[in-house]
K.L.:
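I'd like to ask you about the structure that follows.
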Amino acid sequence: MLNQLLVKPAQRTLNTSHLYHPKPRFCLQLTTVAESPPPPEDATVAKLVLESDPKSLAETLSNYSFKWTPNLVDNVLKRLWNHGPKALQFFKHLDRHPTYIHSTSAFEHAIDIAARLREYNTAWALVGRMRGLRRGPTPKTFAILAERYATGGKAHRAVKVFLSMHEHGCHQDLNSFNTILDVLCKTKRVEMAYNLFKMFKGRFKCDSVSYNIMANGWCLIKRTPMALQVLKEMVERGITPTMVTYNTLLKGYFRCGQLNDAWEFFLEMKKRKCEIDVVTYTTMVHGFGVAGEVKRSKRVFDAMVKEGLVPSVATYNALIQVFCKKDSVQNALLVFEEMVGKGYVPNLTTYNVVIRGLCHSGEIEKGLEFMKRMEEHGCKPSVQTYNVVIRYYCDDGELEKGFELFEKMGNGTCLPNLDTYNILISAMFVRKKSEDLVVAGKLLIEMVGRGFLPRKFTFNRVLNGLVLTGNREFANDILRMQSRCGRILRNVKL
DNA sequence: TTAGGGTTAG
C-alpha cells in the first residue's frame with residue numbers, strides 16, 4: 001500500500017530500498033536512476049560497516065581483501081562521522097589487526113567521535129592507547145577533547161583538559177592556550193575564557209591572536225563594549241591590532257544591528273589608512289544586506305570593485321544570499337551567472353545558498369537542477385543540500401520525491417544525518433495516514449540502528465501517532481526500542 | 001585545530 005502511495009504509478013520503478021541494509025525494513029520505490037560509477041573503496045567499507053551487525057563485523061570485513069592504509073581508515077571514519085557507534089566498532093575492529101596500526105589521525109578521529117557521543121571514558125582510553133603506541137597525544141588531540149567537552153556543556157572540563165596536557169606528555173604553549181580560549185569563546189563561555197586569559201596572559205606571552213580571539217568572543221555574545229575594551233588593552237600593552245582585529249569588531253557591530261556604528265567604524269578604518277581588505281568588504285556586503293539594506297549592500301560591493309579590490313567567492317556568496325533573502329532569487333541568479341561568467345568557481349556554500357533560495361521561492365525543481373549542475377562541476381552536494389531539498393519537497397506534499405532523494409543519499413556517498421531523519425519523520429504526520437505513521441516508526445528504528453539518538457519528543461510523537469491510528473503492536477515495539485536506546489551508546493566500549 | 005568574511009528552519 002505504502003509503495004503505491006509514495007510512487008507515481010506511471011513511472012518505471014525499481015525497488016532499491018536501502019541498499020546498505022541487511023534486509024529492507026520498509027519498501028519505498030523510486031524511479032530508475034542512471035548507472036553511476038563504482039563507489040570509492042572507503043564508501044564501500046562504510047556501507048559494509050553500516051550494514052553489519054556488530055558481532056559479525058569482523059567476519060564481514062574479512063570476506064574482502066581491503067588493504068588497510070591510514071588514508072583509507074581516515075576516510076571511512078570521516079564518512080561514518082554521523083554514525084558514531086558504527087565508526088567506533090570499525091575502529092575497534094582494526095585496533096586488533098595483526099599488521100595494521102592506527103595512525104595518529106585515526107586515533108584523533110576516534111577520540112573526536114567518542115567524545116561527541118559523550119563517551120569520555122572511551123575517549124580517554126584511546127588517549128592512553130595512542131600514548132602507549134607512541135602515536136600521541138598531540139596538541140590537536142587536546143584541542144579536540146576540549147572542544148567536545150565545551151560543546152557538551154562541560155566547559156570546566158575543557159579547561160581541565162588544557163591544564164592537564166603536560167601530565168599526558170604534551171607541552172603547553174601559546175598555541176594551545178589560544179586554542180582553549182577560542183574553544184571557550186566559540187561555545188559562548190566568554191567570561192570563563194576571559195578569566196583564563198587574565199590569569200595566564202603573562203605566562204604564555206599572549207599575542208595579537210589571543211587578543212583577537214577574546215575580542216571575537218565578546219562580539220559573539222553581542223558585548224561589543226567589552227570587545228572594544230580588549231582592543232584598548234591590546235594597544236596599551238603595545239600589541240598592534242591587525243586587520244583581523246578590525247574586521248572582528250566590524251562584524252560585531254553588524255551582529256548587534258548597530259549599522260551606523262559599523263559604518264562609522266569603517267570610515268574610521270579608512271581615515272586611519274587601514275589596508276581595508278576583501279574580508280572587510282564581505283562583512284559589509286553581508287551585514288547591510290541581511291539587515292535589509294540591499295541597495296547599500298550592492299553599493300558597497302560596487303565600491304569595492306571600483307577601488308580595485310577583487311571580490312572573493314565568499315563576497316559573491318554574501319551578495320547572492322542577500323538577494324535570495326531580501327530581494328529576489330532571479331536577481332541572485334543573475335549574480336551567480338555573473339560570477340561564473342567572470343571565471344569564479346562556485347563552491348558548496350554558493351550552491352547551497354542558491355538551492356535554498358530557489359526552494360524557498362517554490363522553485364524546487366530548479367533547485368534540483370542546480371544540484372545536478374553542482375555535481376557535474378565536481379562539487380558534491382552535502383547532507384545540508386539534500387536536507388534542504390527534502391524538507392521543501394515534504395513541505396510541498398511531494399513526499400515521494402523527498403524519499404527519492406533520501407534513497408539516493410543512502411545509495412551514494414552522502415549519508416543521512418539526524419536532521420534528515422527528523423525532517424522525514426515530521427513529514428509523515430502531515431497526511432495523518434496510518435501507513436505514513438508506520439513509515440515514521442520504521443524510520444525511527446532505522447535511525448536508532450545507525451546510532452542516532454532521537455529526541456524524546458520524536459519518540460512520543462511517533463508513539464502517539466501509532467496508537468491513535470491503531471498500530472498498537474508496532475507502538476509497543478518502538479517503546480521497547482526506546483528503553484533499549486539509552487543502553488545503545490553505552491554498549492560501545494573499547 | 002592559534003584569530004576575522006558566505007550555508008540552517010521554526
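Here the structure is a predicted model, which is why all the values come from computation and not from measurement. Naming convention: chains lettered A, B, ... in sequence-line order (proteins, then strands); numbering from 1 in each chain.
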K.L.:
What residues, two or more places apart in sequence or in another chain, satisfy salt bridge (charged side-chain N to carboxylate O under 4.0 Å, His left out) together with A:Glu275?
P.N.:
none
K.L.:
For the side chain of A:Asn352, counting heavy atoms from C-beta on, which of B:dT7, B:dA3, B:dG6 is nearest?
P.N.:
B:dT7
K.L.:
Quick one: A:Phe429 CZ to B:dG10 P, roughly how many Å, whole number?
P.N.:
20 Å
K.L.:
Measuring to OP1 and OP2 of B:dA9, would you say a side-chain N or O of A:His360 lies under 4.0 angstrom away?
P.N.:
no
K.L.:
Rounded to whole Å, how long is the line connecting atom CZ of A:Arg455 with atom P of B:dG10?
P.N.:
15 Å
K.L.:
Short of 4.0 Å, heavy atom to strand atom, which residues of residues 327-347 of chain A count as contacting DNA chain B?
P.N.:
A:Asn347
K.L.:
Taking it one step at a time, do A:Lys408 and A:Glu404 satisfy salt bridge (charged side-chain N to carboxylate O under 4.0 Å, His left out)?
P.N.:
CA-CA 6 Å; A:Lys408 194 181 163 203; A:Glu404 211 176 284; over 6 Å; no
K.L.:
Among B:dT7, B:dA3, B:dT1, which nucleotide has an atom closest to any side-chain atom of A:Gln384?
P.N.:
B:dT7
K.L.:
State which residues pass side chain to side chain donor-acceptor pair (under 3.5 Å) with A:Arg223; sequence neighbours excluded, sorted by chain then number.
P.N.:
A:Glu191
K.L.:
Would you state whether a donor and an acceptor, one from the side chain of A:Ser312 and one from the base of B:dG5, lie under 3.5 Å apart?
P.N.:
yes
K.L.:
So which nucleotide from B:dA3, B:dG5, B:dG6 ends up closest to the side chain of A:Arg255?
P.N.:
B:dG5
K.L.:
Please work out if A:Val278 contacts a base, only the sugar-phosphate, or nothing of the nucleic acid, heavy-atom cut-off 4.0 Å.
P.N.:
base
K.L.:
Round to a whole Å and report the spacing from CG of A:Leu145 to P of B:dT1.
P.N.:
16 Å
K.L.:
By nearest atom, which of the nucleotides B:dG6, B:dT2, B:dG5 is closest to the A:Thr315 side chain?
P.N.:
B:dG5
K.L.:
Less than 4.0 Å between a side-chain N and a carboxylate O, is that true for A:Asp302 and A:Lys298?
P.N.:
yes
K.L.:
Choose from B:dT2, B:dG5, B:dT1 the nucleotide whose nearest atom is closest to any side-chain atom of A:Ala143.
P.N.:
B:dT1
K.L.:
Mind checking A:Asn387 for me? I need base, sugar-phosphate or nothing, with any heavy atom below 4.0 Å counting as a touch.
P.N.:
nothing
K.L.:
Kindly state which residues belonging to residues 183-200 of chain A come within less than 4.0 angstrom of DNA chain B, counting heavy atoms of the residue only, listed by number.
P.N.:
A:Lys186
K.L.:
Under 4.0 Å between any heavy atoms, over every strand shown, what does A:Met284 touch: base, sugar-phosphate, or nothing? Just pick one.
P.N.:
nothing
K.L.:
Run A:Glu233 and A:Lys198 through salt bridge (charged side-chain N to carboxylate O under 4.0 Å, His left out) and show every step you take.
P.N.:
CA-CA 11 Å; A:Glu233 195 185 316; A:Lys198 281 190 288 194; over 6 Å; no
K.L.:
So, is B:dG5 syn or anti if syn means the angle is within 90° of 0?
P.N.:
anti
K.L.:
Aromatic ring centroids of A:Phe403 and A:Tyr393 under 6.0 Å?
P.N.:
no
K.L.:
Considering only B:dT7, B:dG6, B:dA3, which nucleotide approaches the side chain of A:Lys251 most closely?
P.N.:
B:dG6
K.L.:
Would you call A:Glu400 and A:Arg431 a salt bridge, taking side-chain N to carboxylate O under 4.0 Å as the test?
P.N.:
no
K.L.:
Has the side chain of A:Thr283 got a donor or acceptor that lies under 3.5 Å from a partner of the other kind on the base of B:dG5?
P.N.:
no
K.L.:
What's the closest nucleotide to the side chain of A:Arg356 if the choices are B:dT8, B:dG5, B:dG6?
P.N.:
B:dT8
K.L.:
Out of B:dT1, B:dG6, B:dA3, which has the shortest distance to the side chain of A:Gln321?
P.N.:
B:dG6
K.L.:
From the list B:dA3, B:dT1, B:dG5, which nucleotide is the closest neighbour of the side chain of A:Ile144?
P.N.:
B:dT1
K.L.:
If only side-chain N and O atoms count, and only distance matters, is there a donor-acceptor pair under 3.5 Å linking A:Thr283 with A:Thr280?
P.N.:
no
K.L.:
Check the distance between B:dG5's P and A:Leu249's CG and give it to me in whole angstrom.
P.N.:
12 Å
K.L.:
Return the residues of residues 291-308 of chain A meeting this criterion: a heavy atom under 4.0 Å from some atom of DNA chain B. Order them by number, or give none.
P.N.:
none
K.L.:
When all nucleic acid strands are considered with a 4.0 Å heavy-atom cut-off, which category describes A:Thr349: base, sugar-phosphate, or nothing?
P.N.:
base
K.L.:
I want to check one thing: is the phosphate of B:dG6, taken as OP1 and OP2, less than 4.0 Å away from some side-chain N or O of A:His286?
P.N.:
yes
K.L.:
Rounded to whole Å, how long is the line connecting atom CE of A:Met269 with atom C1' of B:dG5?
P.N.:
12 Å
K.L.:
Could you list the residues that satisfy side chain to side chain donor-acceptor pair (under 3.5 Å) with A:Thr420, not counting sequence neighbours?
P.N.:
A:Asn387, A:Asn417
K.L.:
Expressed as a whole number of angstroms, how long is the span from A:Asn216:CG to B:dT1:C1'?
P.N.:
16 Å
K.L.:
May I ask you to check whether A:Tyr386 and A:Phe406 place their ring centers less than 6.0 Å from one another?
P.N.:
no
K.L.:
Testing the basics here: between A:Phe288 and A:Phe254, what is the closest heavy-atom pair and its distance to 0.1 Å?
P.N.:
N-CE2, 3.6 Å
K.L.:
Identify whether the distance between the nearest side-chain nitrogen and carboxylate oxygen of A:Arg299 and A:Glu293 falls below 4.0 Å.
P.N.:
no
K.L.:
Provide the closest heavy-atom pair for A:Val345 versus A:Val313 in the form atom of the first, atom of the second, distance.
P.N.:
O-CG2, 3.8 Å
K.L.:
In whole angstroms, how far is the P atom of B:dT1 from the CG atom of A:Asp182?
P.N.:
13 Å
K.L.:
Under 30°, 30 to 60°, or over 60°: which ring-plane class applies to A:Tyr149 and A:Tyr120, parallel, tilted or perpendicular?
P.N.:
parallel
K.L.:
Could you check how far CD1 of A:Ile213 sits from C1' of B:dT1, rounded to whole Å?
P.N.:
11 Å
